[in-house]
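Here is the structure we will look at, set down as structure tokens.
Atoms within each ligand, like the ligands themselves, are counted from 1 in listed order.
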Amino acid sequence: MSDITISLGNNDTNTRQDATSDFISFWEKQAKNLSWFSSWDKTLDWNPPFAKWFVGGKINASYNTLDIHQKIKSDKPAILWEGENGESRILTYEDLWTRVQKLANALKSIGVQKGDRITIYLPMIPELPISMLACARIGATHSVVFSGFSATAIKDRIDDSKSKVVITADGGYRRGNVINLKEIIDEAIKDLDFVKNVIVVERTKTKLRLSSKDILWNDLIHDSYDLCIAEKLDSSHPLFILYTSGTTGKPKGVLHGTGGYLTHLYSTFKWAFDIKDSDVYFCTADIGWVTGHSYVVYGPLLHGATQVMYEGAPDFPDASRMWEIIQKYRITIFYTTPTALRMFMKFGDDLPNSFDLSSLRLLGSVGEPINPEVWKWYFKIIGKEKCPIIDTWWQTETGGMMISALPGLETIPLKPGSGTLPIPGIHISVVDEVGNELPPNTKGYLVIKNPWPGMLLTLWGDDQKYRDVYWSKYKNYYYSGDYALKDTDGYFWLLGRADDVLKVSGHRIGTAELESCIVSHHDVAESAACGIPDEIKGEVIIVFVVLKQNATTDTATLEKELIVKIRNDIGAIATPKQIYFVTRLPKTRSGKIMRRLLKAISSNETIGDVSTLEDDIAVSEIQSAFEELQKSIQKKP
Ligand code: WT7
């Protein structure tokens, strides 16, 4: 298929030119699109690897997403909410503004102050963005935890952030079932005395056991005053913490600021989605992940856009749910994941073809590499060959998009499977092991060569880890952990993670986190987790387990126990597809498990494919470990 060019009529060559000459003044110009209480003295304070944007400037995220729209679009719908069970709600900008102020005052009334952290564990209901914006309004830092995480996982996150208030719901719907979120919170906080209050939204009307710490949302805001002046916060005031998995230990708290982050979001939302007042935007991401923070909450609301927010699973009650929503609300912009698209594609063309999708004008993809054939299906069957597709590459750490086609800015040829070009004002390269720029069409590591406004401030409470994880592999470059190549047209092709981070259905899972969960089982001596390609989910998890000498449990029982343990300690998203019991794991001379080798074996790849990846290990050594592992694998009964 040749390159595809779809023009939305935008061709602003100046923006890119501005950006190439001086990225700092370029971003300074973009920041002026926001409302500041007072301007900055310095655009960028770059004290590597710590960046502060718009130093001295005062701003508020809630003010920029709500107050500024009140004069001209207070009755414009902000959120068209669609419940999994068919319920719906419409919240205008004024509704949101009022509710946010009421909650903000209510939070103050229970002692929440600027700088405090609040953990939010809610399903996809309007109270979730309302809670985030109420925190932002008073300068509390929100830490949203995806509502699919287990009690142990949420406990770790509340403990690490030392949140004194938790906002949750009685329950949430998922595929027709009710998940009792409040019970999970009760379990998570039972030893955390610093948690002073739990605010509970009644969503499913599940019977509740309330303790003295618990307050019902409705009771709390009932008499709360609906005027709360937004705090004037420093530009780098911490807006939120979002925990994400890395290569070592427990999830790390990625910390984002305010002014730089909002500048990045305002600009990318406009350029990527070509947002117009008449658009109805729909991003399918859960707010528990960064896509939801940036492109469900902050991006669209900064622009006063109307969006659909959907509560449940994309294929519930059946695989036509998304098409039905697009038809019902006349969605114009649709942003989803390759995993969802692969799943939809499996159900054939008749299903989407039986709905009226003619309102669509722009399509997006996010979270994992999109296969060219899936891209083409999306283009043809969903977009009817008239909508540009943006394949947006970014990370929790980058805050917003870093590579994407930008139909709101310029018309460029699209190539199915390529993210296309970096966002203006962001310098990205593909380099080798020592940081030398690679020639075109050569696979290497994707690095970012300058600070950008949406860049994380640090890792919560751990500046050293921030340095080690992102800024130690290369001296002056941010290390993304991704493989990529750049073609002769300067287009980027993302080629998956270069580290031990997995992407299962687009969710980020650390192998180290899984392994430490598994070895905490009393019968397990060692374990190794890896991902193997999967037609729908992109990747699925395979786990190798070595039992202790004196282990007594049979492997069938053990397998069940390990799955329960993983679900309890992390959450259902980390459930392995297969557990193999082996007698030993292949290791390097220095004792490091050769994970890529395990991956090759599980995927039936040839040994030749992996030998090049493990530079420091002799091919013969890999070969013998490979044979030995093959012999020792007893596939589960
Ligand atoms: C990792 C970041 C993007 C925000 C949501 C995920 C992978 C993300 C793409 C894409 C290929 C992609 C990368 C990245 N990734 N978008 N368009 N093409 N890979 O954020 O959970 O922090 O994951 O997702 O591997 O490093 P995240």
Decide yes or no on side chain to side chain contact (heavy atoms under 4.5 Å, CB included) for T332 and L362, but give the supporting numbers first.
-> CA-CA 7 Å; T332 58; L362 203 159; over 6 Å; no
Side chain to side chain donor-acceptor pair (under 3.5 Å) partners of H142, counting only residues at least two apart | Y298
Pair Y479 and W471, ring centroids less than 6.0 Å apart = no
Check each of R508, E397, K503 against atom 6 (C) of ligand 1 and report the one with the nearest heavy atom.
-> K503
Out of T392, T291, L494, L242, indicate the one that has the non-hydrogen atom closest to atom 5 (C) of ligand 1.
-> T291
R497 N/O to ligand 1 N/O under 3.5 Å = yes
Among V296, L363, T291, the one residue meeting side chain to side chain contact (heavy atoms under 4.5 Å, CB included) with Y335 = T291
Just wondering, are more than 12 heavy atoms of other shown residues or ligands nearer than 6.0 Å to CD in E535?
-> no
Which atoms of ligand 1 are found less than 4.0 Å from any heavy atom of V290?
-> 4 (C), 5 (C), 20 (O)
Nearest protein heavy-atom contact for atom 14 (C) of ligand 1: which residue, which atom, what distance?
-> D482 OD2, 3.5 Å
Any donor-acceptor pair under 3.5 Å from S505 side chain to K537 backbone = no
Name the option, out of G292, P369, G400, G399, that contains the heavy atom nearest to atom 11 (C) of ligand 1.
-> P369
Looking at T396, which atoms of ligand 1 are within less than 4.0 Å of one of its heavy atoms?
-> 20 (O), 21 (O), 22 (O), 27 (P)
The protein heavy atom nearest to atom 10 (C) of ligand 1 is E368 O, 3.5 Å
Which residue owns the protein heavy atom closest to atom 3 (C) of ligand 1, what's the atom, and how far is it?
-> W394 O, 3.1 Å
Could you tell me if any non-hydrogen atom of G367 lies under 4.0 Å from any atom of ligand 1?
-> yes
Taking atom types as modelled and ignoring hydrogens, do the side chains of S161 and S163 form a donor-acceptor contact shorter than 3.5 angstrom?
-> yes
